[in-house]
2 protein chains.
Amino acid sequence: MTSPAPHPLDTVFAALADPTRRAILTMLLEDDMAVTDVAHPFAMSLAAISKHLAVLADAGLITQEKRGRVKWCKLEPDALRAASVWMQGFGQFDPVDLDAFERFLASELPEDSEI
Amino acid sequence: MTSPAPHPLDTVFAALADPTRRAILTMLLEDDMAVTDVAHPFAMSLAAISKHLAVLADAGLITQEKRGRVKWCKLEPDALRAASVWMQGFGQFDPVDLDAFERFLASELPEDSEI
DNA sequence: GGGATCGTCAACCGGTTGGTTGAATATGCG
DNA sequence: CGCATATTCAACCAACCGGTTGACGATCCC
C-alpha cells in the first residue's frame with residue numbers, strides 16, 4: 001500500500017515476461033481451472049504456481065473465485081487490451097495472424113513431461 | 001553465455017515491463033537519438049540509461065550504431081511483432097486504435113520532455 | 001470427529017535488476 | 001598535443017524474483 005503504485009503496463013508486461021505464466025494463460029484459454037490442476041503439468045511446487053497465479057491476478061490477467069475448497073482461475077483477456085494498444089502504436093502487426101499464434105501456442109505449452 | 005537462452009518473448013516482455021524503457025521506445029518513435037540525448041529527460045545517471053538501452057538492444061527492440069563518438073539508437077518495431085501476435089491470440093484488441101495510443105503516449109512520456 | 005485434499009503463508013535462499021558512483025576508453029576539436 | 005564530449009566498464013548496493021520447504025487454515029467426506 002505504501003508503494004507508489006506502478007503503471008498498470010508495468011505489472012502486465014512483467015507478468016507476461018515469465019514463460020510459466022504465459023503457459024498458464026494459454027492453458028486457461030481452454031477453460032477455467034483449479035489451482036491444483038493448473039500446477040499439474042509443471043515441474044515445480046504448488047506454492048510456486050500459487051505465487052505465479054497471484055502475479056497474474058495482480059496484473060488483472062486472471063481472476064480467482066473460491067467455490068468450496070477449490071479456487072477457480074479464469075482468464076481475463078481484457079487486461080491485455082491496454083498492452084496490445086500500446087504495442088500497436090509501434091506498427092500494425094498482422095492483427096489476426098492465427099497461424100503464427102498456433103505456432104507460439106505449440107512452443108509455449110508445457111510438454112507434461114518437462115517444462 | 002552459459003545460460004540456457006531464454007525464450008525471446010521473455011526478454012521482450014521483460015524489456016517492456018519498465019516504464020523508463022517504454023518511454024525510451026516512445027521517444028525513439030519520433031526519431032533516432034544519441035545515448036546522451038535519450039538520457040536527457042530522465043532523472044537518472046547516463047550509465048543507468050546506457051544499461052536500459054542495452055536491455056532494449058538485447059531484446060531486439062532497438063539497434064545501436066556507433067558513428068564517430070556518438071552511438072545512435074534506432075527503434076526496431078518488428079521485434080514487437082511476435083509479442084503482439086502472441087497477445088492477439090487472446091482476442092482481437094482494436095487492431096488500430098490510435099486515439100487510445102495517443103493517450104498512452106501522453107501518459108508515458110517523461111514529464112519535462114519536449115522531444 | 002478424523003483423515004485426506006486444496007491452497008496459502010512464512011521463512012529462507014541464490015540470482016537478477018535497477019540504480020549509484022568513479023575510473024576508463026574512444027573520439028572530435030582547437 | 002591537450003582538453004572536452006560520448007559512452008561504457010567495474011564495483012557496489014538494496015530490492016525484488018522465482019523457487020524451495022514446512023506449517024497452517026479450510027473444506028469435503030466417511
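If you're wondering where the values come from, they're calculated on a predicted model, not measured in any experiment. So that the names make sense, note that chain A is the first sequence line, chain B the second, and so on, each numbered from 1.
- Across the protein-nucleic acid pair, A:H52 atom NE2 and C:dG7 atom C1' stand 16 Å apart, rounded to whole Å.
- Between B:K51 atom NZ and C:dT21 atom P there is a gap of 12 Å when expressed in whole angstrom units.
- Heavy-atom contacts of chain B under 4.0 Å fall on DNA chain D between two terminal nucleotides, which in 5' to 3' order are D:dA4 to D:dA11.
- Note: CG (A:D18) to C1' (C:dT17) measures 15 Å, nearest angstrom.
- A:H7 has its side chain out of reach of A:F13: every pair of non-hydrogen atoms, C-beta onward, lies at least 4.5 Å apart.
- Regarding A:R69, its CZ atom lies at a distance of 11 Å from the C1' atom of C:dG3, rounded to whole Å.
- Nearest heavy atoms, A:I49 versus A:V35: CG2-O, 4.5 Å.
- Remark: A:T63 pairs with A:E76 by the side chain to side chain donor-acceptor pair (under 3.5 Å) rule, at least two apart or across chains.
- Note on residues 60-72 of chain B: pairs passing salt bridge (Lys or Arg N to Asp or Glu O under 4.0 Å), not counting sequence neighbours, are B:E65-B:R67.
- When the C1' atom of C:dT17 is taken as reference, atom CG of B:D58 falls 14 Å away, rounded to whole Å.
- Rounded to whole Å, the distance from CG on A:L53 to P on C:dC6 is 15 Å.
- The CD atom of B:E65 sits 16 Å away from the C1' atom of C:dA26 (whole-angstrom rounding).
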